[in-house]
Trainee: 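Here you go, one structure.
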Amino acid sequence: MQLTIQQADLAFAVGRALGSVSSKSPLPLLSCILLEAEAGSLRITGTDLDVTTAVTVPCTVATPGRVAVSARHFNEVVRKMPRGPLVLSVTGGQCEVRYGDGKGWSKFPIQDAADFPRIPDLKADTRVSLGGDVLSRMVARTIFSASSEETRPMLNGVLVQGGDKQAVFVATDGHRLSKATRKGAFSGLAKDGVIVPTRAFQTVSRIAEEATSPVELQVAGARNQAAFTAQVGEYRVQVLTRLLEGPYPNYEQVIPRGNPREMRVRRSDLMEAVDIVASHADNVTRQVRFSLRPGRIGVSSATELGAGEHQLDAQYAGEAMEIGYNAGYLMEILRSIPTEEVVFRLNTSLAAGVIEPVGALPEAEEEMLCLIMPLRLPDAAG
Amino acid sequence: MAIVTLSELLGQSQASGFLRGVVAGGRYANAYLFHGPAGVGKGTAALAFARALLCDRAPGAAPPAAPAAPGLFDAPAPTAAAATPADDACGRCAACAKSAALQHPDLKFLFPVSGEERELDATVAETQAAMRGDPLFVFTYEKAASIRLSLTRDLLRELAYRPFEASRRVVVVRDADRMREDQYSALLKAIEEPGASTVWVLTTARLSRLPATIRSRCQRVRFAPLPEKLVKEFLEQRVGLAAREAGLLAALGGGSLARALAMRDTEPLRLRDDALALLEPALRGDPAALWKATQSFTRFGRSGRETLRRMVEFHALWLRDLLRARYGAPRETLVHRDREAEIRRQAAATDATEIRRRLMVLEETLRAIEGNVTPELALFSGLSRVAGQRLGEGEWPRHATARWDY
């Protein structure tokens, strides 16, 4: 195997492929990336068997071939190399990279590429295209609500549903839920959807942000695998992931529709208040108290760490009410909403509340909604 | 334990018929529990069932290759290459090749292992390689062998995902009774979860040791002891043993092919003669000599318990022969037919009740050896009582006299 490649191209591909290489792995080969040279291109693949990233970059191939090298080590050296053409070759059981017109070289031990896990062919029967920015936005608006507990593995991901009218992304961990929709025809995606693991979406959304083409989503016929493919400039990046086993809970059922009390507040004011007050909150529960009064709300917290209260103006016309929230959850929700104002739709101090943006989102075809369960305040009745 | 298909199972026509019906019907329970005596093919059937569930049933281009070595529980090779069966693994598709090598990503195979946790991966890999390489492979466990917690944890993590490439995933847990209480609890939810694309197959030779919560969530499939004749034929044809040795091993196996196989390298005839000779001092009424003789067998070290257990079994078989001879059984039905004259003589001199009493003594000795009684002590006391050395009141330790008073 011998080829000539630009340092920037190689560094990009190695860096992205590294994203799917797990730091500790039972199989030594899984800490490697696979380099495959074919006519005019080099494909670099990293995998932890659950999520796989493959990047194809242009290069001049003299002799094609396949080789596996240690991912971290290779990445560390390659990204420090000077810009310009590199000559990569495999000689004498080692992978050699020459740079700077013969000024320097590095050699890397290689592993037998034949044992590298074969990336399964995706027998895709559905295909959906989403703009890179749309995909990364939808993911950013939901992924923080996904659970990380292992007791309910189907919640460790984001549910992606399609249809003729809209695509829906949903994530929940049982304490909060976030849902983002985009209007359009996404009939390629089934209504009951697929559950994409959080880790896969983290990788995908990073690539979606850089993508210069729409991201194409393919789902295998057996609904066990999905692939996200995008073009980043000259590079073609593909992220393959296994899908989580459902069924996903019926989330529509838990979203309250007729909550009677409505509280509008400036998002930045509320974030500031919660941020300051939460410094005193309990490290585990992160509980802050909301005291709703007509025209204003007070955010307060008191533990042995200290106590604090922050008053801010709000549009609230209902009767006085005390309600507790997890400050961490609340901040994540508020951060994900792009509008200036947000509205809380509340029922009782123990029932689920809905947080929504006020007014249209910057993108007219999109909508979002968050749901959060209150925390029981120590003095709350019933 | 070999890796075969359902149609190649040895014996167990009822169980394999049921399983093939399940495969053909295409409707599966969440979990199956294969139970029955040890070494009759439950584990082999579990893997065969798993292979049938994972098979692509794609008629491959290549005809089925003749197996390099005949398997442990397999029936005679099929005469003609049948059309792709609907109720069994085809043996030709890519999925079948992978499952035969235990490399199918959607076949999870758990079995008890012992040894250091950090060498666990190597131990598991070694055992699987041994299974693949040796069709006569027999699982033997140390007393402390168990299904490891770390393995069940990995399994649960894997269950979160959709199956890798097949439409379903099969989890085979061999000797599922060797788990800790909390592992059962952890698996409960996964086992009963409806709609999950996972089929569980548990096997156990000790049904009562599985918690009722697990048992009640599984459809049970019973496995019977194998007929002696089948085991004998297998030993002759597949292992290449002489007829006499095969007959002895088959009889000693008591319907368990695995047990018969495990004994094949231990010179069973010599061990038998040693064992039967042990009774001599007991019959002479010389406990000191008997004690000395039993002690000479502690040299087996770790496997000593197993050796002593087998020696007791030889005695039991001898008594069984006596009973058969008393009722006029022909020579070929006797296990120890090489010592027929001796058997006929003793049979004529001993009444059936006495033989039964001795058998009960031996049974209790076996139980004692399985438990934590010092094995040579158990053997000593067992043989003493077989020889009729009933000690008078006050001569045995008092606490045990009631149990020995047959």
Side-chain angles (χ1 to χ4, degrees), chain A residues 22 24-30 47-52 115 117-125 146-160 173 190 192-200 219-227 240-250, chain B residues 30 53-56 58 94-95 97-98 101 103-108 117-126 128 148-171 182-183 185-200:
Chain A
S22 61
K24 61 175 182 132
S25 162
L27 290 171
L29 256 185
L30 289 190
T47 183
D48 61 3
L49 295 181
D50 293 335
V51 183
T52 302
D115 294 339
R118 208 171 46 85
I119 308 311
D121 300 329
L122 194 80
K123 293 178 202 117
D125 59 351
S147 166
S148 55
E149 284 171 28
E150 282 182 7
T151 46
R152 280 195 284 175
M154 68 285 223
L155 300 185
N156 297 355
V158 178
L159 175 72
V160 180
D173 64 358
D192 45 353
V194 292
I195 312 171
V196 181
T198 312
R199 219 155 36 80
V219 177
R223 301 261 187 100
N224 55 357
Q225 307 244 12
L240 268 143
T241 175
R242 300 183 64 188
L243 295 174
L244 291 174
E245 173 107 86
Y248 203 80
N250 181 0
Chain B
N30 274 356
L53 295 185
L54 293 171
C55 174
D56 287 339
K98 277 187 256 183
Q103 297 288 335
H104 198 294
D106 294 317
L107 169 62
K108 301 287 160 196
E117 182 72 27
R118 63 195 147 83
E119 287 160 14
L120 190 60
D121 288 339
T123 316
V124 169
E126 256 170 50
Q128 292 197 352
R148 291 303 180 82
L149 183 63
S150 53
L151 294 182
T152 48
R153 271 207 199 115
D154 289 350
L155 175 69
L156 287 176
R157 211 163 294 136
E158 171 66 23
L159 289 181
Y161 289 96
R162 303 266 311 153
F164 198 78
E165 53 182 48
S167 55
R168 66 184 70 83
R169 170 193 296 121
V170 186
V171 182
D182 48 349
Q183 283 173 284
S185 312
L187 294 184
L188 263 187
K189 186 170 169 290
I191 289 180
E192 73 176 348
E193 202 65 61
S197 37
T198 303
V199 176
W200 292 77

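Below, read A as the first sequence line, B as the second, and so on, with proteins coming before strands; counting in each chain starts at 1.
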Trainee: If you compare all heavy atoms of A:Arg242 against all heavy atoms of B:Pro163, which two are closest, and at what distance to 0.1 Å?
Mentor: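 That would be NH2-C, 3.9 Å.
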Trainee: For A:Ile195, which atoms come within 4.5 Å of any heavy atom of chain B: side chain, backbone, both, or neither?
Mentor: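 Neither the backbone nor the side chain of A:Ile195 comes within 4.5 Å of chain B.
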Trainee: Measure across B:Phe164 and A:Gln225 and return the closest heavy-atom pair with its distance rounded to 0.1 Å.
Mentor: O-NE2, 3.5 Å
Trainee: Taking atom CD as the centre, does A:Glu149 end up with more than 12 heavy-atom neighbours from other residues, nucleotides or ligands that are less than 6.0 angstrom away?
Mentor: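 Not buried by this count: 12 neighbours or fewer within 6.0 Å.
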Trainee: Is A:Asp50 close to chain B through its backbone or its side chain, or both, or neither, when contacts mean heavy atoms under 4.5 Å?
Mentor: side chain
Trainee: Given heavy-atom pairs under 4.5 angstrom as the criterion, report whether the side chain, backbone, both or neither of B:Arg169 touches chain A.
Mentor: side chain
Trainee: Under a 4.5 Å heavy-atom cutoff, which of B:Arg157, B:Lys189, B:Arg162 has the most pairs with chain A?
Mentor: B:Arg162
Trainee: Return the OH to OG1 distance between B:Tyr161 and A:Thr241, rounded to the nearest 0.5 Å.
Mentor: 6.5 Å
Trainee: Go through the atoms of B:Leu156 and report whether side chain, backbone, both or neither lie under 4.5 Å from a heavy atom of chain A.
Mentor: neither
